[in-house]
Amino acid sequence: MDTEITVHVDGAARRLTVDTRTTLLDALRERLGVRSPKKGCDHGQCGACTVLSGGQRVLSCLTLAVTQDGARVTTAEGLAAEDSAPGGHRSDDGRSPDGADGALHPVQQAFIDCDAFQCGYCTPGQVVSAVGMLQEFARGWPSAATGSTREPRLDRAEIAERMSGNLCRCAAYVNIVPAIQQAAAATGRAAGTEVAE
C-alpha cells in the first residue's frame, strides 16, 4: 500500500509516495538522494543511519517513513549549513535559527580537528548522534553513567555511555571522545558542568 507523505529533510520540504513498509533510511537514500545516513547493519545495532527527527536521535533503518509525515529530519548533510557565529545556537532540530549557510557545525569541525574518523563510513551517524547527545546532556537528561551522586560531566565514561549505540569498526573512539568534548565547549552544551577526561 502506498502513502503520500511530506518530510522536511535538512530544512527542505520533500513530498513523496512511499510503500508503508519503506524505512526512513531507504526513503532518504533511494528516493530523495540523501546519502549521508549509511546502511550499516540494517538492524538498529550500529548507528550508522542515525538522524535527528524533531531534534531526537532516531535510527532511520528502524523507523518507517510513513511515521515521519510532517517531521523535521536533520542528517549530517543538513548540519553543514549552519551558523558560524560563536556559541552555535541552534533549534531543536540542529538547524541555525537564522538559516546561515556555509559553515561546518561545531561537531563536524571538532571531528576534523581531532581526526575522529578513519574510513568515514560511520562518521555521519556519529556526528548526528553526538549533536543529539549534546542536546540531551544540555537538557539534563541522565544516562546510566551519570549516577545520582555527582554533578554530570562529559568525561570519557559519560560520552562512551551516551554514544554506545554508534559503532566504529575502525576503533576511532580514542579521538571521537575528545572531539565531542571540544564541540561541547564550542557550543556551550556543557554550560555549568565540567568537561573533563
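Quick caveat: nothing in here was measured; it's all calculated off a predicted structure.
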Item to complete: Kindly compute the distance separating SG (C170) from CG (N175), expressed to the nearest 0.5 Å.
Response: 12.0 Å

Worksheet item: Where is the tightest heavy-atom contact between T63 and T67, given as atom of each residue plus distance?
Response: CG2-OG1, 3.5 Å

Worksheet entry | Modelled atom types, side-chain donor and acceptor of R57 and T50, under 3.5 Å | no

Worksheet item: Given side chains that start at C-beta, do those of H8 and V73 come closer than 4.5 Å, heavy atoms only?
Response: no

Discussion item. How close do L52 and G55 get, counting heavy atoms only, and between which atoms?
Written reply: CD2-O, 4.1 Å

Practice prompt. Indicate, with yes or no, if V131 and L25 share a hydrophobic cluster defined by side-chain heavy-atom contacts under 4.5 Å among Ile, Leu, Val, Met, Phe, Trp and Tyr.
Written response: no

Discussion item. Under 4.5 Å side-chain heavy-atom separation, chaining through any Ile, Leu, Val, Met, Phe, Trp or Tyr, what else clusters with L62? Say none if it is isolated.
Written reply: L59

Worksheet entry | Test item: D10 side-chain N/O and E77 main-chain N/O as donor-acceptor pair under 3.5 Å | no

Discussion item. Would you compute the distance between atom CG of L167 and atom CZ of R169 and round it to the nearest 0.5 angstrom?
Written reply: 7.5 Å

Worksheet item: What are the two closest non-hydrogen atoms of A27 and T22, and how far apart are they?
Response: N-CG2, 3.9 Å

Worksheet item: Under the 3.5 angstrom rule, does the side chain of Q108 hit a backbone N or O of A76 as a donor-acceptor pair?
Response: yes

Worksheet item: Taking all atoms of both residues into account, what is the closest heavy-atom pair of F117 and T123, and its distance?
Response: CB-OG1, 3.2 Å

Worksheet entry | Expected output: side-chain S53 to main-chain Q56 donor-acceptor under 3.5 Å | no

Worksheet item: Heavy-atom distance under 4.5 Å between the side chains of L32 and V9, does that happen here?
Response: yes

Worksheet entry | Under 3.5 Å: donor-acceptor pair, side chain of N166, backbone of G125 | yes

Worksheet entry | Residues in salt bridge (charged side-chain N to carboxylate O under 4.0 Å, His left out) contact with R29, at least two apart in sequence or another chain | none

Worksheet item: Can you check whether W141's main-chain N or O pairs, donor with acceptor, with E136's side chain at less than 3.5 Å?
Response: no

Fill in: Nearest-0.5 Å distance, OH of residue Y173 to OG of residue S164
9.5 Å

Worksheet item: Under 3.5 Å, side chain of T17 to main-chain N/O of T3, donor-acceptor pair present?
Response: no

Discussion item. Is there a side chain to side chain contact (heavy atoms under 4.5 Å, CB included) between M133 and I180? Walk through the geometry before answering.
Written reply: CA-CA 9 Å; M133 179 273 287; I180 292 172; 3.3 Å; yes

Worksheet item: What's the verdict on side chain to side chain contact (heavy atoms under 4.5 Å, CB included) for K38 and C122, showing C-alpha distance, side-chain angles and the deciding distance?
Response: CA-CA 7 Å; K38 300 293 190 269; C122 73; over 6 Å; no

Fill in: Main-chain N/O of S143 paired with T146 side-chain donor or acceptor, under 3.5 Å
yes

Discussion item. When you measure from the side chain of E4 to the backbone of R15, do you find a donor-acceptor pair of N or O atoms at a distance under 3.5 Å?
Written reply: no

Practice prompt. Tell me, please, which residues at least two apart from D42 pass salt bridge (charged side-chain N to carboxylate O under 4.0 Å, His left out).
Written response: K39

Worksheet entry | Spatial distance of atom CG (D19) from atom CG (L64) [nearest 0.5 Å] | 9.5 Å

Fill in: T23 OG1 to Q68 CD distance, which is reported to the nearest 0.5 Å
11.0 Å

Worksheet item: Do you know the tightest heavy-atom contact between P124 and S36?
Response: CB-O, 3.2 Å

Worksheet item: Given the rule that I, L, V, M, F, W and Y join up when any side-chain heavy atoms are under 4.5 Å apart, are V107 and Y121 in one cluster?
Response: no

Worksheet, complete the sentence: When rounded to the nearest 0.5 Å, the distance separating SG of C168 from CD of Q126 is 6.0 Å

Discussion item. Can you confirm whether D69 sits close enough to T6 that some side-chain heavy atom of one is under 4.5 Å from a side-chain heavy atom of the other?
Written reply: yes

Worksheet item: Between S129 and M163, which heavy-atom pair has the shortest distance, and what is it?
Response: OG-SD, 3.8 Å

